[in-house]
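Encoded as structure tokens, the structure appears first; notes follow it.
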Number of protein chains: 2
Amino acid sequence: MFEIIDLPDKAALAKLTTRYPMLDVPALETWLGLLRISGDCMNDLDQFLARHNLSQRKFFVLILLMRNPDGLKVSQLAEGTGVSCATMTGVVEGLLKAGLITRETDPQDRRAFVVAITTNGQDLLDQVLPQHYTRIKSITACLDPGEQKQLQTLLSKIAFGLHETRSRKL
Amino acid sequence: MFEIIDLPDKAALAKLTTRYPMLDVPALETWLGLLRISGDCMNDLDQFLARHNLSQRKFFVLILLMRNPDGLKVSQLAEGTGVSCATMTGVVEGLLKAGLITRETDPQDRRAFVVAITTNGQDLLDQVLPQHYTRIKSITACLDPGEQKQLQTLLSKIAFGLHETRSRKL
DNA sequence: CAAATATATTTAGCTGGCTAAATATATGCC
DNA sequence: GGCATATATTTAGCCAGCTAAATATATTTG
């Protein structure tokens, strides 16, 4: 997790700039601010979910399964939550043990397993998601609708800049 | 790492709202957007640093040591980069092996070690930081100075909202 | 001054990522 | 039909976090 506590102050930044003239202080502050705040949000999410014995990964898997009542293959879960199949095997293992999902062989493809949410799993989501959504509403409550739109626009510009930077192979 | 690939579309969100009426769709979109983009930036940073055989943690440690030429204790490094002392022991181990830092007993406190950056370590930073700062400038280049200020303001409102939410123990 | 407490670091063992290789099954192409 | 290739999953082994307990040294206090 990104968690710089000891951020440079103005004096430190000035010194850095003499050593590294390409340093754009406002750009760095913007970037640091983004990663810092979002890191805090991420930690907060982890702590909230931990109270329900869930990790981010398990939580996302349950949500994906709720959206797909016919079940999903392990590989689809891996792709949908951005981890490898090997990792997803472990996540599925944990959720199975907790009784939150089922895993059955796919009648269409005997290589594959179809994973589906159980009543217990849905009950857990029905308990966690209302709190989760209430928290998210509270976290963003300081932004009026216009500001939320603004933030999303600015973030998408960053996403574009990131994409550009990568395609320029910097 | 936060990495939801399969975000809900409008139809899925509408369905969710009927099940969970407290769901504020724009708030959720704002929050998801923030964590998504910053997750992408984080992955990008990891990949960039990996090309120089550095992790985020090692990188931050080297930067802290550059800012503190007289060296820092293991506990100070742990605190400054947001990990436990136990974890920092491992990070220091790796940096020692790579010849980027030194570790000597503190003459003032024989329980402690003082860690300092070596010439090799500084040379590595002198190679990595210019690229790093150039990349950050490029990533944020789509935002003019006013927009950068705006983004920072909006982010600090989120930080405030997060703090409020936590102190309300939601 | 000696005992209790606090601080600095390390060790051991856990968790949850990862990749690469193994296994099983499907699919495509002669 | 049968071989080559592709896909789905698991296993094994690595890395980097974490906490709790161990060790060593400082500091405080009766």
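Owing to the predicted nature of the structure, the values given are computational and were not obtained by experimental measurement. Just the heavy atoms: all of them, side chains too, but no hydrogens, waters or symmetry mates, feed the values below. Labels below follow one simple rule: chain letters A, B, ... track the order of the sequence lines, proteins then strands, and each chain is numbered from 1.
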With a non-hydrogen cut-off below 4.0 angstrom, is A:Ser75 in contact with a base, only sugar-phosphate, or nothing? sugar-phosphate

B:Asp106 CG to D:dT27 P, straight-line distance once rounded to whole Å: 11 Å

Categorize B:Ala112 for me: base, sugar-phosphate, or nothing, with a 4.0 angstrom heavy-atom threshold over every strand shown. sugar-phosphate

With rounding to the nearest 0.5 Å, note down the distance linking CG in B:Leu100 to OG1 in B:Thr119. 11.0 Å

Would you indicate, yes or no, if D:dT23 has its OP1 or OP2 atom less than 4.0 angstrom from a side-chain nitrogen or oxygen of B:Arg111? no

Evaluate side chain to side chain contact (heavy atoms under 4.5 Å, CB included) for B:Leu125 paired with B:Ile117, printing each intermediate quantity in order. CA-CA 10 Å; B:Leu125 281 187; B:Ile117 194 167; 3.9 Å; yes

Side chain of A:Val74: nearest nucleotide among C:dT25, D:dG17, D:dT10? D:dT10

Once the angle between the rings of A:Trp31 and B:His132 is folded into 0 to 90°, is it parallel (under 30°), tilted (30 to 60°) or perpendicular (over 60°)? perpendicular

Closest approach of A:Arg103 to A:Val115 (non-hydrogen atoms, all atoms of both residues): CG-CG2, 4.2 Å

Please give, in whole Å, the distance from C:dG16 C1' to A:Gln56 CD? 12 Å

Rounded to whole Å, please give me the gap between CG in A:Leu96 and P in D:dT10. 9 Å

Within less than 4.0 Å of OP1 or OP2 of C:dA8, is there a side-chain N or O belonging to B:Arg103? no

DNA chain D: B:Met88 or A:Phe113, which has the more 5' nearest nucleotide? A:Phe113

Output the single nucleotide from D:dT7, D:dG17, D:dA26 whose closest atom is nearest the side chain of B:Arg57. D:dG17

Which nucleotide, D:dT7, D:dG17, C:dT9, lies nearest any side-chain atom of B:Thr89? C:dT9

Separation of atom CD in B:Glu93 from atom P in C:dA12, rounded to whole Å: 13 Å

A:Gln108 CD to D:dT7 P: how many Å, rounded? 18 Å

Between D:dC18, D:dT10, C:dA8, which one does the side chain of B:Ser84 approach most closely? D:dC18

Which of D:dT25, C:dT19, C:dT9 is nearest the side chain of B:Cys85? It is C:dT9

Nucleotide of D:dT9, C:dT9, C:dA12 approaching B:Ala86 most closely (side-chain heavy atoms): C:dA12

Salt bridge or not for B:Glu29 and B:Lys10, using N-O below 4.0 Å? yes

Closer than 4.0 Å, any side-chain N/O of A:Thr87 to the OP1 or OP2 of C:dG16? no

Should B:Arg110 be listed as having a side-chain N or O under 4.0 Å from OP1 or OP2 of D:dA24? no

A:Leu77 CG to D:dT9 C1', in whole Å, measures 13 Å

If you measure only the distance, is there a donor-acceptor pair under 3.5 Å linking the side chains of A:Gln122 and A:Asp126? yes

Whole-Å distance separating the CD atom of B:Glu79 from the P atom of C:dA8: 9 Å

Interatomic distance, A:Met42 CE vs D:dG17 P [rounded to whole Å]: 16 Å

